[in-house]
Structures are given as C-alpha cells and as structure tokens.
Chemist: 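Have a look at the structure that comes next, please.
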Amino acid sequence: MRLRNIRGSKEEIENDVFVIKDPDKYKGKWDEVFKNNNPIHIEIGMGKGQFILNKANNNPDINYIGIEKYSSVLYRALQRRKDFCREKSIDLSNIRFLRFDAEEIISIFGENDVARIYLNFSDPWPKERHAKRRLTSDEFLDKYDKVLKKNGEIIFKTDNRRLFDFSVESINESKWNIKEITYDLHNSEYIKGNIVTEYEERFVMEGIPICRLVTNRE
C-alpha cells in the first residue's frame with residue numbers, strides 16, 4: 001500500500017537539496033545539475049529508493065534520477081538516502097530526485113537526455129479502460145522514445161504476468177526491440193548483477209516469479 005499523508009513531507013521535500021525544483025528549466029541541459037556529462041539513468045516510480053540508491057552507489061560514473069509522484073513516498077526515499085549515506089560514509093553526489101507524474105516526462109527531459117529508464121514493479125492498472133496509464137503502453141513508449149538517446153534502453157521488471165504480457169505485446173507492435181526477456185528472473189541467466197527492490201524481496205520470498213525484459217528502439 002502506498003504511504004500517504006505524512007505530516008511535514010511536502011516541506012521536507014521542498015527543503016531537500018537533492019530534490020530538483022522546477023525541473024523543466026533543465027530540459028536538455030541536465031549537465032548543469034550534475035556538473036558533468038555522465039549518462040543519466042532514471043527510475044520511474046522508485047518507491048522508497050532501495051534500488052536506485054544501490055545503483056548510484058555501484059556506478060559513480062552514471063547520474064541517477066529517481067522519480068516519484070507521491071510526496072510521502074518520496075519523503076521516505078529521502079530519509080533512506082540519508083541513512084544509506086551515513087551507514088556507508090558517502091555522499092552519493094550522482095543522484096537526484098523528482099516529484100512529478102511520469103505522464104509529464106517530455107516536459108522535463110529533452111531529446112537524448114536519458115540513456116536508460118528503469119520501470120520496477122509499476123502499477124498494473126488492471127482494468128482495460130486504464131490501459132493507457134500503464135507505463136509500458138504505446139503512449140508511454142512514444143514518450144520514452146522522445147527522451148532516450150540512440151540505443152537507449154528500458155529495463156522493466158514486474159511480478160504481474162498480465163502486465164508483462166501486455167508490455168511484450170505493446171513492444172512487439174511498436175518499433176521497439178526486445179533484447180532480453182525472462183519469465184523467471186531469479187532462475188535465469190540474467191540474475192547476475194540484479195539489484196532487488198523492496199517489492200521484489202517480498203515477492204521472491206513468497207515464491208512469485210519475477211518477469212523482466214530489456215528493450216530499445218530498432
């Protein structure tokens with residue numbers, strides 16, 4: 001269940017220097033934020049940040065942006081960043097956070113701004129009338145195409161087989177190409193180097209197989 005209505009969360013977010021305010025002004029010039037030209041990887045719907053914090057720690061030559069639309073969830077991710085950095089005695093200068101809805105992605109990022117997009121355990125929006133809201137729908141694939149670099153890729157993980165099948169169908173009917181695919185990540189060749197999310201830990205303990213794919217534009 002999503003965390004909501006944490007008192008003071010909006011104020012904490014507003015005052016946190018790792019949260020980008022007015023991100024639209026950096027469209028096409030994110031090097032001004034990170035003070036370098038390293039590739040940018042984004043996670044849409046990062047939850048409490050376990051995945052992206054570990055990615056940033058393991059890959060100091062890549063810039064990471066965690067995106068979350070719920071203030072209370074982003075607040076928890078910011079708290080986790082502080083604890084993570086304190087425990088490891090690091091500052092993680094290669095990570096930033098944004099609070100906005102993924103539907104607005106093309107207002108925040110410009111052409112070639114992003115090298116990789118992570119979609120981890122996205123909301124499945126199970127009702128057919130909500131299919132356009134799924135982060136792997138045709139509408140979102142078109143948006144991603146406008147911000148990804150040439151040969152940029154999307155890495156998608158989910159426990160929801162119906163959402164995964166929908167995603168595979170969307171990709172196959174588009175100009176995107178599936179480079180890797182598995183219906184049981186933790187018993188596949190692709191498990192090496194995998195960083196688990198909070199949801200993933202729980203699902204694996206329950207014996208639920210994790211589906212994963214990697215896609216880029218042809």
Side-chain angles (χ1 to χ4, degrees), residues 1-35 38-57 59 62-86 91-110 113-125 130 132-137 139-144 146-148 154-158 195 197-200:
M1 181 179 293
R2 294 282 187 186
L3 295 168
R4 297 172 185 260
N5 302 321
I6 297 178
R7 181 174 296 178
S9 61
K10 291 184 179 180
E11 291 77 10
E12 289 287 337
I13 290 168
E14 185 64 29
N15 294 325
D16 196 298
V17 297
F18 284 88
V19 179
I20 304 301
K21 288 79 177 178
D22 302 317
D24 54 305
K25 71 180 182 181
Y26 296 109
K27 182 177 180 178
K29 46 186 178 180
W30 282 92
D31 56 319
E32 295 182 7
V33 172
F34 291 101
K35 310 303 180 185
N38 292 341
I40 292 175
H41 293 184
I42 67 176
E43 183 183 9
I44 299 177
M46 67 171 176
K48 299 175 188 176
Q50 176 173 305
F51 175 86
I52 199 167
L53 287 169
N54 279 285
K55 294 295 288 188
N57 185 45
N59 302 281
I62 296 174
N63 297 322
Y64 290 88
I65 299 176
I67 297 169
E68 180 56 56
K69 68 178 179 179
Y70 296 107
S71 294
S72 53
V73 181
L74 175 54
Y75 170 78
R76 290 298 176 92
L78 296 175
Q79 296 300 111
R80 174 165 281 183
R81 187 202 67 80
K82 292 177 182 178
D83 293 339
F84 187 90
C85 291
R86 187 182 306 113
D91 61 4
L92 281 188
S93 60
N94 63 326
I95 191 168
R96 296 293 188 277
F97 302 94
L98 295 175
R99 184 176 66 80
F100 79 97
D101 194 305
E103 290 185 1
E104 307 299 324
I105 190 171
I106 58 175
S107 69
I108 303 297
F109 298 104
D113 271 353
V114 180
R116 179 179 291 172
I117 297 173
Y118 292 100
L119 304 175
N120 292 318
F121 303 91
S122 308
D123 191 330
W125 291 103
H130 295 150
K132 291 183 179 181
R133 299 186 183 184
R134 298 168 189 162
L135 294 183
T136 50
S137 68
E139 288 77 5
F140 276 100
L141 289 175
D142 287 342
K143 293 176 188 290
Y144 304 148
K146 290 179 172 64
V147 304
L148 279 170
I154 300 168
I155 300 181
F156 171 57
K157 290 195 291 187
T158 183
I195 292 178
T197 73
E198 297 93 335
Y199 285 122
E200 189 173 353

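In this text the structure is predicted, and so the values were computed from the model without any measurement.
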Chemist: Can you see whether Asn120 engages Glu200 through a side-chain donor-acceptor pair at a distance of less than 3.5 angstrom?
Modeler: no

Chemist: Mind checking what makes side-chain hydrogen bond (donor to acceptor under 3.5 Å, both in side chains) contact with Ser122, not counting sequence neighbours?
Modeler: none

Chemist: Within this structure, what is the NZ-OG distance for the pair Lys48 and Ser72, rounded to the nearest 0.5 Å?
Modeler: 10.0 Å

Chemist: Under a 3.5 Å cutoff, is there a donor and acceptor pairing between the side chains of Tyr75 and Asp16?
Modeler: no

Chemist: Check whether Lys143 reaches the backbone of Glu103 with its side chain - one donor and one acceptor, N or O, closer than 3.5 Å.
Modeler: yes

Chemist: Strictly distance-based, threshold 3.5 Å: is any side-chain N or O of Lys146 a donor or acceptor partner for the main-chain N or O of Ile105?
Modeler: no

Chemist: Kindly compute the distance separating CZ (Phe156) from OG1 (Thr158), expressed to the nearest 0.5 Å.
Modeler: 4.5 Å

Chemist: So do the side chains of Tyr118 and Ile44 get within less than 4.5 Å of each other, counting heavy atoms only?
Modeler: no

Chemist: Is the closest side-chain heavy-atom distance between Asp31 and Asn38 below 4.5 Å?
Modeler: no

Chemist: Where is the tightest heavy-atom contact between Leu92 and Ile95, given as atom of each residue plus distance?
Modeler: O-CG2, 3.2 Å

Chemist: When you measure from the side chain of Asn57 to the backbone of Asn54, do you find a donor-acceptor pair of N or O atoms at a distance under 3.5 Å?
Modeler: no

Chemist: Do the numbers put Arg134 on top of the ring of Trp125, so that NZ or CZ is under 6.0 Å from the six-membered ring centre and no more than 45° off the axis?
Modeler: no

Chemist: Can you spot which of Ile42, Ile40, Leu53, Asn59 makes a side chain to side chain contact (heavy atoms under 4.5 Å, CB included) with Tyr64?
Modeler: Asn59

Chemist: Any heavy-atom pair between the side chains of Phe109 and Leu98 that's under 4.5 Å?
Modeler: yes

Chemist: Taking side chain as C-beta onward, heavy atoms only, is Lys132 less than 4.5 Å from Phe140?
Modeler: no

Chemist: Show the numbers, then the answer: is there a salt bridge (charged side-chain N to carboxylate O under 4.0 Å, His left out) between Asp24 and Lys27?
Modeler: CA-CA 5 Å; Asp24 54 305; Lys27 182 177 180 178; over 6 Å; no

Chemist: Compare all side-chain heavy atoms of Ile62 with those of Pro39 and state whether any distance is below 4.5 angstrom.
Modeler: yes

Chemist: Show your reasoning for whether side-chain contact (heavy atoms from CB on, under 4.5 Å) applies to Phe34 and Arg96.
Modeler: CA-CA 9 Å; Phe34 291 101; Arg96 296 293 188 277; 3.7 Å; yes

Chemist: Does the Glu68 side chain pair with the main chain of Gly47, one donor and one acceptor, at a distance under 3.5 Å?
Modeler: yes

Chemist: With rounding to the nearest 0.5 Å, note down the distance linking CZ in Phe51 to OH in Tyr199.
Modeler: 15.5 Å

Chemist: Looking at Leu135 and Tyr144, what are the two nearest heavy atoms and their distance?
Modeler: O-OH, 2.7 Å

Chemist: Counting distance only, does the side-chain N/O of Lys21 pair as donor-acceptor with the main-chain N or O of Val19 below 3.5 Å?
Modeler: yes

Chemist: For a side-chain contact (heavy atoms from CB on, under 4.5 Å) check, start with the C-alpha distance between Val147 and Val114, then their side-chain angles and the critical distance, and finish with the verdict.
Modeler: CA-CA 6 Å; Val147 304; Val114 180; 4.3 Å; yes

Chemist: Using a 6.0 Å distance limit plus a 45 degree cone around the ring axis, check whether Arg81 lies over the aromatic ring of Phe18.
Modeler: yes

Chemist: Is there side-chain contact between Phe97 and Ile67, with at least one heavy-atom pair below 4.5 Å?
Modeler: no

Chemist: What closest approach, in Å, do Glu32 and Lys35 show between heavy atoms, and which atom pair accounts for it?
Modeler: O-NZ, 2.9 Å

Chemist: Between Asp113 (side chain) and Gly28 (backbone), is there a donor-acceptor pair under 3.5 Å?
Modeler: yes

Chemist: Are any non-hydrogen side-chain atoms of Ile20 and Phe100 less than 4.5 angstrom apart?
Modeler: no

Chemist: Before accepting this row, confirm whether a basic side-chain N of the pair Arg80/Glu198 lies closer than 4.0 Å to the acidic partner's carboxylate O.
Modeler: yes

Chemist: Please round to the nearest 0.5 Å and tell me the distance separating atom CG of Asn94 and atom CG of Asn63.
Modeler: 6.0 Å

Chemist: Would you mind reporting whether Ile155 and Arg116 have side-chain heavy atoms less than 4.5 Å apart?
Modeler: yes

Chemist: For Lys10, is the NZ atom crowded, meaning more than 12 foreign heavy atoms sit under 6.0 Å from it?
Modeler: no

Chemist: List the residues meeting salt bridge (Lys or Arg N to Asp or Glu O under 4.0 Å) with Lys69, not counting sequence neighbours, and say none if there are none.
Modeler: Asp101

